[in-house]
Amino acid sequence: MPVNSKPYLYAIAFLLVTFGLYNYVVYTTESYIAVEKLSPQAVKGQQLFQSNRCWSCHQLYGLGGYLGPDLTNVFSDEKKGPLYIKAFLNSGVKSMPQFNFNEEEKEAIVAYLKQVDETGIYPNYDAKIEATGWVKLKYRNE
Ligand code: HEC
């Protein structure tokens, strides 16, 4: 034991207080954009998405299985959209099983994919390298 350990205690206390203040500032200032909450219908859709293992073949934001395509923006894609999504759920394709969802369940999955779609674009190629060296992405809600 050092004869006088107090300076260390002060240093640790100082670091803890600074860390606390830092977190307070980061999470309460306006620049912190809280994640938008899913509607109850979209939550149901998310549960169906998980319990039916859509993840094993599909990705959202590039994460997931790779047998099927990424579904991040399938809702707003001009050539796709809600009816298109439902058509896939109704009939399936060669490597995608047919799901026997009722209308309410299909609506819930569409609502989930709609809210996912609103969060951004994937893959996002609309990026610029600024003079500072940081990469600036253009987001959907800007
Ligand atoms: C066993 C793998 C598998 C599972 C599980 C699966 N899919 Fe698919 N899905 C695919 C494949 C492969 C395609 C691409 C078919 C094609 O384009 O020929 C596809 C296509 C789609 C499409 C059309 C996408 C586009 O951009 O054209 C949607 C929407 C979709 N799936 C939704 C779902 C949902 C929702 C679930 C869960 C309820 C699900 N899939 C589960 C394999 C799967």
Using the side chain to side chain donor-acceptor pair (under 3.5 Å) criterion, which residues pair with [X]? Sequence neighbours excluded.
| X | answer |
| --- | --- |
| Asp126 | none |
| Lys114 | Glu118 |
| Ser56 | none |
| Asp70 | Thr72 |

Polar side-chain atom of [X] near backbone of [Y] as donor-acceptor pair, under 3.5 Å:
| X | Y | result |
| --- | --- | --- |
| Asn73 | Gly120 | yes |
| Asn23 | Phe19 | yes |
| Glu105 | Asn102 | yes |

Same cluster (ILVMFWY, side-chain, under 4.5 Å), [X] and [Y]:
| X | Y | answer |
| --- | --- | --- |
| Val25 | Leu16 | no |
| Phe101 | Val116 | yes |
| Leu71 | Leu67 | no |
| Val93 | Leu113 | yes |

Can you see which heavy atom on [X] is nearest to which on [Y], and at what distance?
| X | Y | value |
| --- | --- | --- |
| Gln115 | Ala42 | OE1-CB, 3.2 Å |
| Gly68 | Gln59 | O-NE2, 2.9 Å |
| Gln98 | Asn90 | CG-O, 2.9 Å |
| Ile121 | Asn124 | O-CB, 3.4 Å |

Checklist entry - Given the rule in the side-chain contact (heavy atoms from CB on, under 4.5 Å) test, do Phe99 and Leu48 qualify, once you have shown the distances and angles that lead to the verdict? => result CA-CA 11 Å; Phe99 291 94; Leu48 289 168; over 6 Å; no
Next on the checklist: Using the rule given for side-chain contact (heavy atoms from CB on, under 4.5 Å), can you reason through Leu60 versus Trp55, listing the C-alpha separation, both sets of side-chain angles and the distance that settles it, and then say yes or no?
Outcome noted: CA-CA 8 Å; Leu60 292 178; Trp55 285 113; 3.4 Å; yes
Next on the checklist: Holding to salt bridge (Lys or Arg N to Asp or Glu O under 4.0 Å), I want the full list of residues that pass it with Glu103, two or more places apart in sequence or in another chain.
Outcome noted: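 Partners of Glu103 by the salt bridge (Lys or Arg N to Asp or Glu O under 4.0 Å) criterion, ordered by chain and then number, come out as Lys86, Lys106.
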Next on the checklist: Are there over 12 heavy-atom neighbours, none belonging to Glu104, within less than 6.0 Å of that residue's CD?
Outcome noted: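 It does not: Glu104 CD has 12 such atoms or fewer within range.
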Next on the checklist: Taking CG in Leu21 as the centre, count heavy atoms belonging to other residues, nucleotides or ligands within less than 6.0 Å. Is the count above 12?
Outcome noted: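 Counting neighbours around CG of Leu21, more than 12 heavy atoms of other residues, nucleotides or ligands fall under 6.0 Å, so yes.
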Item to check | Interatomic distance, Gln41 atom CD to Ile109 atom CD1 [nearest 0.5 angstrom] | outcome: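 Rounded to the nearest 0.5 Å, the CD-CD1 separation comes out at 11.0 Å.
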Next on the checklist: Please report the interatomic distance CG(Asp117) to OG1(Thr119), rounded to the nearest 0.5 Å.
Outcome noted: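 Reported value, rounded in 0.5 Å steps: 7.5 Å.
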Next on the checklist: Less than 4.5 Å apart, side chain to side chain, heavy atoms only: is that true for Met96 and His58?
Outcome noted: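 A side-chain contact exists here, since the closest heavy-atom pair is under 4.5 Å.
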Next on the checklist: Before you tell me yes or no, could you show the steps for Val74 and Ile85 under side-chain contact (heavy atoms from CB on, under 4.5 Å), namely the whole-Å CA-CA distance, both residues' side-chain angles and the distance that decides it to 0.1 Å?
Outcome noted: CA-CA 8 Å; Val74 69; Ile85 297 170; 3.8 Å; yes
Item to check | Selection residues 61-89 - residue pairs positive for ring-ring contact (aromatic ring centres under 6.0 Å, His included), sequence neighbours left out | outcome: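 Of all non-adjacent pairs touching residues 61-89, those that pass ring-ring contact (aromatic ring centres under 6.0 Å, His included) are Tyr84-Phe88.
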